[in-house]
There are 2 protein chains.
Amino acid sequence: MSGEEAPTQQQQPEQEKKPDEPPPAASDAPQEPGSSPAAAEEKPLSCRALVLTGYGGYDKVRLQVKTQSQPQLKAGEVLVRVKACGLNFAELLGRQGLYEMLPAPPVTMGMEGSGVIEAVGEDVKDRKVGDRVITLSRSGMWQEVVVVSADHTFPMPEQMSFEEGAALPVNYITAYMMLFEMANVRPGKSILIHMAAGGVGIAATQLCKTVQDVTVFGTASASKHETIAQGGVTHPIDYRTKDYVEEIRKINPKGVDIVLDPLGGSDTQKGFSLLKPLGTLIVFGAANCVTGQKKNLLAMAKTWYNQLSLNTLKLMQANKAVCGFHLGYITDEELISRCMFKLLELYRQGKIKPRIDSCYHFEEVTDAMRRMHERQNIGKVILLPEPKKQEEKPKSNAEPGENVEKSEVSEKKEEATEEVKAEKD
Amino acid sequence: MSGEEAPTQQQQPEQEKKPDEPPPAASDAPQEPGSSPAAAEEKPLSCRALVLTGYGGYDKVRLQVKTQSQPQLKAGEVLVRVKACGLNFAELLGRQGLYEMLPAPPVTMGMEGSGVIEAVGEDVKDRKVGDRVITLSRSGMWQEVVVVSADHTFPMPEQMSFEEGAALPVNYITAYMMLFEMANVRPGKSILIHMAAGGVGIAATQLCKTVQDVTVFGTASASKHETIAQGGVTHPIDYRTKDYVEEIRKINPKGVDIVLDPLGGSDTQKGFSLLKPLGTLIVFGAANCVTGQKKNLLAMAKTWYNQLSLNTLKLMQANKAVCGFHLGYITDEELISRCMFKLLELYRQGKIKPRIDSCYHFEEVTDAMRRMHERQNIGKVILLPEPKKQEEKPKSNAEPGENVEKSEVSEKKEEATEEVKAEKD
């Protein structure tokens, strides 16, 4: 895995666009391209949004302020004031032009968010103004207000923060569907979770812990081991100094029952070899493709070349299962809804709780992306639409004593903020 | 699928070998090659066995009578007098030289049987002389007496017949592991079972019925539809006159959750396309390879050429799982034992019951193989070591009114028997 190298490009701070700039297409309701706001309403709506302006480095994601007339809601739609958004690996790929589900730039990115309903269209029965909801979409969530179908909103439990709400959908649906729909986690099983300190890694670990006696092998750099062990990883493995295949074989000579693989390339082959008979490998990413800040053709070629290729005869001789998972390609909305309701129930029961690594205001999106890109995060990186106050310290929901990497972040963030200030001045 | 064509070769009746012929290697305990019977015991043991003498047509499986000294049991072993054996598709492949797990000829075939323990070795604690047991092995079960490790025997429930006992292991373990270890059959799921009237097909249907509200699509020729519908197939499909993909799409436009595929080749590709998102395809055979009585290079090449070949990117975009299953390659005996005990429990609860299609004495093995090869069977074809009495009618455990194809078989069998008689005379 080579995703750890520092980006070589200089950071370019994002710039606030003036309201007279034309709003990009993505300022419309993200899931309803036909619902262009009618120009009939009185006061114009000002909306901060993070827009991907082209493919490339961090500087391609810019904070823009779009002005538009008040959206005219169609039947079944609601207007949500977004309070928090999730950052996903898919957006890092998208910025590099490696995520084909993202519309072409200029486009507002963002697949998940939480907020408060400000208006409801006709025929919306079970949502009302003031409801706190989670919502998810293919893109378009990184903005202050969004228009979405009421069916795509999920009422938040009372005790859930907006940051937790924004952290839940993508990571937990991904982990849940892989563990309980594709694999079949049951008591006594063993599992390898790569990037165990990442959003999906933490979600998967928590969900494994809802099943009795599951052994979790989790890869992460050594500094994160204490945290992931507290979170439920039975055997943390430092993939940077040790061969994880050897480490697992020392403890489980026969291998493991399930491998969750977000890496691709040669790691997929290692994962396949680590499976016990009747074991399941689930590939759900190609993080090995992403090295520097920009597209790396060599890393892509290598990942592609090394990807596991199988025929059914080989699978029969091995008695193994290989699955692919990509939430972006799941178009069955009922499937997603059912899964969300199960997850919200697990949250209410106290069985899962998203771990917020750090929160960044929209102005600080570069820092947020860098944090994830350099794999410094433990848990979810959150983006906040609300403007950052000049004196405000970086927000973090990490519990006291848990914010291991906070000082490290804070330093970086203060630097970045100064750059923004200098440019503004 | 082309497995329906009539064999072009003339049937060659099997011949009884004289006791003075050297017994083939497979007359030893099938799973303990080292346990060669010592020549110390008094009276020699005469043992009828079905021996594969070379690769080819039906005539390559010959009934031989081997004479050997009484086997000296090693610690942990038992001597079983076999009462009934199962015939599997693997043996048809083996005869053609297409089953690599079978030792080279001459070899006694047979992977499963039931019988009565006649002697126990030292350190055998939980088996005693007189116990009725099921046993399974890679080969060597088609003979009157076998020496096996006591660990490989499973006590039969009181109400279970020897024929049922011999019909259980291979088909039900295969179906169980595929449905509950690899796939994850749960209430509300839908499944396509090819060859639904075959041994695995009937086992899989019965096991699906242990889960609430599972929709079973089953392919079989029209004459078998009534029987498989009674057995639990929700939608029988005649694959010979209809396109099963179209038929399923008419009822379930989105496809199915699980496909069990014993066919291989282009049917595997069709199965993959039929899967819903998060669906699972399990390939567990290549029946399309087998057309005539002998190896068909063209059919093999076609099946090989059309076999599904996948990379992980394609799987991710499809959100699907592809598994291979082959009981012969499962070396974890504990896994097999656990599964057998679960199945015996389901039998005791009345939830599963092997359906015996027909029983043939060892002399009639050609008829038995032909019946399976030509896919005339509904359920399991059983071989009986006991010599056939001249006047005896073909044995069948089929319940009254269920033996749809019995007359058809009986005619064939009478012909075949006459041929044998003619030769004997």
Side-chain angles (χ1 to χ4, degrees), chain A residues 100-101 177-186 189 254 257 261-265 267-269 271-272 276-286 289 303-304 306-332 334-336 339, chain B residues 100-101 177-186 189 254 257 261-265 267-269 271-272 276-286 289 303-304 306-332 334-336 339:
Chain A
E100 64 180 44
M101 304 300 286
M177 286 188 173
M178 291 195 297
L179 292 173
F180 299 113
E181 297 281 343
M182 299 202 113
N184 181 0
V185 181
R186 280 160 303 161
K189 296 283 172 187
K254 287 183 181 178
D257 296 296
D261 172 17
L263 304 170
D267 286 295
T268 306
Q269 307 212 21
F272 187 77
K276 287 185 192 175
L278 305 184
T280 302
L281 166 72
I282 306 180
V283 181
F284 68 105
C289 275
T303 307
W304 177 265
N306 285 322
Q307 85 172 316
L308 187 66
S309 194
L310 292 161
N311 60 48
T312 48
L313 192 70
K314 190 168 157 188
L315 282 173
M316 276 174 67
Q317 287 172 343
N319 274 304
K320 291 178 181 179
V322 178
C323 320
F325 182 81
H326 195 307
L327 185 55
Y329 289 101
I330 298 217
T331 51
D332 186 336
E334 205 192 307
L335 200 63
I336 290 176
C339 188
Chain B
E100 64 180 45
M101 305 300 286
M177 286 188 173
M178 292 195 295
L179 292 174
F180 299 113
E181 296 282 342
M182 300 203 113
N184 182 0
V185 181
R186 281 160 301 161
K189 296 284 174 188
K254 288 182 180 178
D257 296 296
D261 172 18
L263 304 171
D267 286 295
T268 307
Q269 307 212 23
F272 186 78
K276 285 186 193 176
L278 306 183
T280 302
L281 168 72
I282 305 180
V283 181
F284 68 106
C289 276
T303 307
W304 177 266
N306 284 322
Q307 86 172 315
L308 188 66
S309 193
L310 292 161
N311 60 46
T312 49
L313 192 70
K314 189 168 158 187
L315 282 173
M316 276 173 67
Q317 288 172 343
N319 274 305
K320 292 178 180 178
V322 178
C323 319
F325 182 82
H326 195 307
L327 185 57
Y329 289 101
I330 298 216
T331 51
D332 186 337
E334 205 191 307
L335 200 63
I336 290 175
C339 188

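Letters go in sequence order (proteins before strands), and every chain restarts at 1. These numbers were taken from a predicted model, which means no experiment stands behind them.
- Counting heavy atoms from C-beta on, the side chains of Leu315(A) and Phe325(B) never come closer than 4.5 Å.
- From Arg186(A), atom CZ reaches atom CZ of Phe180(B) across 10.5 Å, with rounding to the nearest 0.5 Å.
- Residues Gln317(B) and Met101(A) fail the side-chain proximity criterion, which asks for heavy atoms closer than 4.5 Å.
- Using a 4.5 Å heavy-atom cutoff, the side chains of Leu278(B) and Ile330(A) are in contact.
- Side-chain contact between Val322(A) and Val322(B) is absent, with no heavy-atom pair separated by less than 4.5 Å.
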Practice task
Could you walk me through whether Lys320(B) and Glu181(A) pass the salt bridge (charged side-chain N to carboxylate O under 4.0 Å, His left out) test, one step at a time?
Solution key: CA-CA 11 Å; Lys320(B) 292 178 180 178; Glu181(A) 297 281 343; over 6 Å; no
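- Within the model, atoms OG1 of Thr280(B) and CE of Met182(A) stand 6.5 Å from one another, a figure rounded to the nearest 0.5 Å.
- For Lys254(A), the part lying under 4.5 angstrom from a heavy atom of chain B is the side chain only.
- Of all heavy-atom pairs between Met316(B) and His326(A), the closest is O-CB, 3.4 Å.
- Counting heavy-atom pairs closer than 4.5 Å to chain B, the top-ranked of the candidates Asn319(A), Asn184(A), Ile282(A), Val283(A) is Asn319(A).
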